[in-house]
Amino acid sequence: MPSRRVGLLGGTFDPPHVAHLVVAVEVREALELDEVRLVVANDPWQKSALRQVTPAGTRLRMTRAAVVGVPGLVVSDVEVRVGGPSYTAQTLRLLREREPDTEWLLILGADAAARLDTWRDAADLFDSCTLVVVDRPGTPVRVPLPPGAAPAERVEVTSLDVSSTDLRRRARAGRSIRFLVPDPVARIVEREGLYRRS
Ligand code: ATP
Ligand code: MG
């Protein structure tokens, strides 16, 4: 009998925003999880091939700032410590070794779930965790999961059409990101002049 049920919400968090937090909080509540860990990718290889990704240390600081005072949400630096390109299947193997009594639930927005077949060793994930898919505005509600994927749980969360891509664009244009990210995150973006240059 697993002693703890832990949700993992992996991401680039460049920057973390309110939809990430709403997903984490609402899935935790709906599935009565002990905690949800926001796992900050060290090198999101699919993205870093296409654009300049903010250094992992900065994304980690922003994500930590985002969850301060939120019960049940924690930030995991496991992928940053491992270094190199981040593969969720590898991360999950490591976590299972370290915390064998934990039941793992992998939380994915529908856009991420639709791309599971591009992940390295995705099939390994299906044996070792439960997939939890949440809707994301702009992605069809019933995304097909790759063959072999265990039936995923679906959790309905408050629909928020917010993305880090749009936030970076706003910051670059000198527009406000207030209320779309927690205030401490907005302050870091402002103070460090993030996203000003692409
Ligand atoms: P980017 O635009 O840079 O890809 P993002 O907003 O998609 O950023 P990620 O860090 O890529 O954020 O996402 C991490 C996880 O959070 C993914 O599973 C993604 O589907 C989910 N997610 C992000 N934004 C939302 C949202 N608005 N609604 C539901 N899920 C979301
Ligand atoms: Mg994304």
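Order of listing sets the numbers, starting from 1, for every ligand and every atom in it. Only this structure's heavy atoms are used, side chains among them; waters, hydrogens and symmetry mates stay out. Counting begins at 1 with the first residue of the sequence.
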Ligand-side contact atoms (ligand 1) for residue partner V23, heavy atom cut-off under 4.0 Å: 29 (C), 30 (N)

I'd like to know if R4 and D101 make a salt bridge, using a cut-off of under 4.0 Å between side-chain N and carboxylate O. no

Does an N or O anywhere in V162 fall below 3.5 Å from an N or O of ligand 1? yes

Closest to atom 29 (C) of ligand 1 among protein heavy atoms sits D135 O, 3.5 Å

Pick one of side chain, backbone, both or neither for how L108 approaches ligand 1, counting any non-hydrogen atom pair under 4.0 Å. backbone

Look at E26 together with R28 and state whether they make a salt bridge at an N to O cut-off of under 4.0 Å. no

Please write down residue, atom name and distance for the protein heavy atom closest to atom 20 (O) of ligand 1. D111 OD1, 2.6 Å

Mind checking whether A19 contacts ligand 1 via backbone (N, CA, C, O), side chain (CB onward), both or neither, at a 4.0 Å heavy-atom cut-off? side chain

T63 side-chain N/O to P16 backbone N/O, donor-acceptor pair under 3.5 Å: no

Just distances here: any N/O of F13 and N/O of ligand 1 closer than 3.5 Å? yes

Taking non-hydrogen atoms only, is D14 closer than 4.0 angstrom to ligand 1 via side chain, backbone, both or neither? neither

Could you check whether any side-chain N or O of R64 sits under 3.5 Å from a backbone N or O of V75, counting only pairs where one atom can act as donor and the other as acceptor? no

Compute the shortest N/O to N/O distance between D161 and ligand 1 and return yes if it is under 3.5 Å, no if not. no

Tell me yes or no: between the side chains of D43 and S48, is some donor less than 3.5 Å from an acceptor? yes

For residues T118 and Q46, is any side-chain donor paired with an opposing acceptor at under 3.5 Å? yes

Any side-chain to backbone donor/acceptor pair from R178 onto A186? Under 3.5 Å, distance only. no

In the protein, what heavy atom is nearest to atom 10 (O) of ligand 1, and what distance, to one decimal place, separates them? T12 N, 3.0 Å

Out of R51, R59, R136, whose heavy atom sits nearest atom 23 (C) of ligand 1? R136

Does NZ or CZ of R120 fall inside the cone over Y87's six-membered ring, less than 6.0 Å from its centre and within 45° of the axis? yes

Charged N to carboxylate O under 4.0 angstrom, R37 versus E99? yes

So, are D166 and R170 salt-bridged, with charged N and O less than 4.0 Å apart? yes

Enumerate the atoms of ligand 1 whose separation from the nearest heavy atom of G11 is less than 4.0 angstrom. 10 (O), 14 (C)

Is the backbone N or O of R5 less than 3.5 Å from a side-chain atom of D34, with the two atoms forming a donor-acceptor pair by type? yes

For ligand 1, which atoms sit closer than 4.0 Å to a heavy atom of T165? 1 (P), 2 (O), 3 (O)

Please write down residue, atom name and distance for the protein heavy atom closest to atom 9 (P) of ligand 1. H20 NE2, 3.6 Å

Which residue and non-hydrogen atom of the protein lie closest to atom 3 (O) of ligand 1, and at what distance in Å? R168 NH1, 3.0 Å

Run the contact test for L167 against ligand 1 with a 4.0 Å cut-off on heavy atoms, strictly below, and give the result. no

With D14 as partner, the option from R51, Q52, R168 fulfilling side-chain hydrogen bond (donor to acceptor under 3.5 Å, both in side chains) is R51

for atom 11 (O) of ligand 1, nearest protein heavy atom and its distance come out as K47 NZ, 2.7 Å

Give the single entry among A112, G10, G109 that approaches atom 14 (C) of ligand 1 most closely by any heavy atom. G10

Contact (N/O only, under 3.5 Å) between H17 and ligand 1: yes

Atom 27 (N) of ligand 1: closest protein heavy atom, distance to 0.1 Å, is L160 O, 2.8 Å

